[in-house]
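Down below is the structure, laid out as structure tokens.
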Amino acid sequence: MTTLTDPTNATRATPNIPIDKATLHLGSSTFINAPSQEVWAALTDTSTWPSWNTFVPRVTVRSQPTPDPSPSTSAPDPAPASTSTPTTQSTSTNLSPILQKGTKFTFHVRMDTTSTKPQPSTDVHLLISEFRAPNAETGEVGRIVWCFDPEAPGSYSPSLLMAERVHEITAVEGGTEVRNWEAQVGWLVYVVRWMYKAKLQANFEMWVADLKGFVEGRQ
């Protein structure tokens, strides 16, 4: 069995939140006995999430920067932003479920994953700020970063609550290393940390365990 160093990714910062500035830091990791392209495909295709993601079983894509991103697991990172404003689709049931750089989407979070009773979902509005698919041949690490969407209705001011989450998918001998961590800052995070830290950490660990079970089960 592969042993991962720093499985909670406690020493890893997010792009805009240094580790020593994070009020709350969460993380989890796992090894998946499958090619990195298959892991990436499951993670970035939100239509698969009801089949494996206990924590976030439903996602609404609110807008996409391109109409129909290729579902190919080796799709290149979208072109860097230019001085012109990219065309963005409005919210529609016909939007592609495939995440890409610039996707705006809403998590319908199931906070109490241990309960079998119906419960209202917690809606979290997010956007993809970084996106790079893994490449096993070149050793390129897959990386996807999402953060709170400050323009979404009902979003908190960054001074109250700002969060960034990073997923890294790395091809290693025999399979794929998956790392997942989040940093939060802001006044409200003290409340989040006090009330939900243990539950959120458990749900982060469940996230990678669910992903592992789903991908390996398809082998």
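In this chain, numbering begins with 1 at the start of the sequence shown.
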If you take all heavy atoms of [X] and [Y], which pair is closest and at what distance?
X: Phe214; Y: Ser51; answer: CE1-CB, 3.8 Å
X: Ser96; Y: Gln64; answer: O-NE2, 2.8 Å
X: Leu127; Y: Pro150; answer: CD2-CD, 4.1 Å
X: Ser47; Y: Pro50; answer: O-CD, 3.5 Å
X: Ala34; Y: Val215; answer: CB-CG1, 3.5 Å
X: Val39; Y: Val178; answer: CG1-CG2, 3.8 Å

With no hydrogens and no angle check, is any side-chain donor or acceptor of [X] less than 3.5 Å from a backbone partner on [Y]?
X: Asn9; Y: Arg12; result: no
X: Gln201; Y: Leu26; result: no
X: Arg179; Y: Asp6; result: yes
X: Thr176; Y: Ala171; result: no

Please round to the nearest 0.5 Å and tell me the distance separating atom [atom1] of [X] and atom [atom2] of [Y].
X: Ile32; Y: Leu211; atom1: CD1; atom2: CG; result: 4.0 Å
X: Asn180; Y: Ile144; atom1: CG; atom2: CD1; result: 11.0 Å
X: Ile98; Y: Asp45; atom1: CD1; atom2: CG; result: 3.5 Å
X: Leu99; Y: Ile128; atom1: CG; atom2: CD1; result: 5.0 Å
X: Leu200; Y: Glu205; atom1: CG; atom2: CD; result: 11.5 Å
X: Thr113; Y: Lys199; atom1: OG1; atom2: NZ; result: 8.0 Å

Determine, step by step, whether His167 and Trp207 satisfy the ring-ring contact (aromatic ring centres under 6.0 Å, His included) criterion, reporting the C-alpha distance in whole Å, the side-chain angles of both residues, the deciding distance to 0.1 Å, and the verdict. CA-CA 11 Å; His167 283 273; Trp207 179 296; 5.6 Å; yes

Will you find, in the side chains of [X] and [Y], an N or O donor that is under 3.5 Å from an N or O acceptor?
X: Thr23; Y: Gln184; value: no
X: Thr54; Y: Asp210; value: yes
X: Ser29; Y: Glu177; value: no
X: His125; Y: Ser155; value: no
X: Thr14; Y: Glu164; value: yes

Does Arg165 make a cation-pi contact with Phe148, if we ask for NZ or CZ under 6.0 Å from the ring centre and within 45° of the axis?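 Geometry flag: not set, cation outside 6.0 Å or 45°.
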
Determine whether Tyr190 and Ile19 fall in the same hydrophobic cluster, where Ile, Leu, Val, Met, Phe, Trp and Tyr are linked whenever their side-chain heavy atoms lie under 4.5 Å apart.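 Different clusters: Tyr190 never reaches Ile19 through Ile, Leu, Val, Met, Phe, Trp or Tyr contacts under 4.5 Å.
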
In terms of hydrophobic clusters joined by side-chain contacts under 4.5 Å, are Val145 and Ile17 together?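 No, separate clusters.
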
Is there a side-chain contact between [X] and [Y] in this structure, where contact means two heavy atoms from C-beta onward sitting under 4.5 Å apart?
X: Arg110; Y: Pro57; result: yes
X: Ile169; Y: Val141; result: no
X: His108; Y: Pro120; result: no
X: Ser129; Y: Lys101; result: no

If the threshold is 4.0 Å, N to carboxylate O, is there a salt bridge linking [X] and [Y]?
X: Glu130; Y: Arg143; value: yes
X: Lys117; Y: Asp112; value: no
X: Glu38; Y: Arg218; value: no

Begin from the C-alpha positions of Thr106 and Asp123 and carry the test side-chain hydrogen bond (donor to acceptor under 3.5 Å, both in side chains) through to its verdict. CA-CA 6 Å; Thr106 298; Asp123 291 349; over 6 Å; no

Using the side-chain contact (heavy atoms from CB on, under 4.5 Å) rule, take Glu151 and Lys104 through it: C-alpha gap first, then chi angles, then the decisive distance, then the call. CA-CA 10 Å; Glu151 298 180 352; Lys104 293 187 175 185; 3.1 Å; yes

Which is it for Trp49 and Phe55 under the ring-ring contact (aromatic ring centres under 6.0 Å, His included) test, yes or no, and what are the steps along the way? CA-CA 10 Å; Trp49 289 22; Phe55 184 30; over 10 Å; no

Determine, step by step, whether Leu95 and Arg62 satisfy the side-chain contact (heavy atoms from CB on, under 4.5 Å) criterion, reporting the C-alpha distance in whole Å, the side-chain angles of both residues, the deciding distance to 0.1 Å, and the verdict. CA-CA 8 Å; Leu95 290 175; Arg62 294 180 286 112; 5.8 Å; no

Using the rule given for side-chain contact (heavy atoms from CB on, under 4.5 Å), can you reason through Leu24 versus Lys197, listing the C-alpha separation, both sets of side-chain angles and the distance that settles it, and then say yes or no? CA-CA 8 Å; Leu24 176 63; Lys197 180 179 180 180; 3.7 Å; yes

Can you confirm whether Glu137 is buried at CD, in the sense that more than 12 heavy atoms of other residues, nucleotides or ligands lie under 6.0 Å from that atom?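 No, not enclosed.
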
Could you tell me which residues satisfy side-chain contact (heavy atoms from CB on, under 4.5 Å) with Asp20, sequence neighbours excluded, listed by chain and number?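 Checked Asp20 against side-chain contact (heavy atoms from CB on, under 4.5 Å); matches are Pro18.
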
Aromatic contact, Phe105 with Trp146 (centres under 6.0 Å):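 Yes, close enough.
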
Aromatic ring proximity, centroids under 6.0 angstrom, Phe131 and Trp40: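 Yes: the rings meet the under 6.0 Å criterion.
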
Just do the side-chain contact (heavy atoms from CB on, under 4.5 Å) check on Glu168 and Trp181 with the steps written out, would you? CA-CA 9 Å; Glu168 286 191 350; Trp181 68 95; 3.7 Å; yes

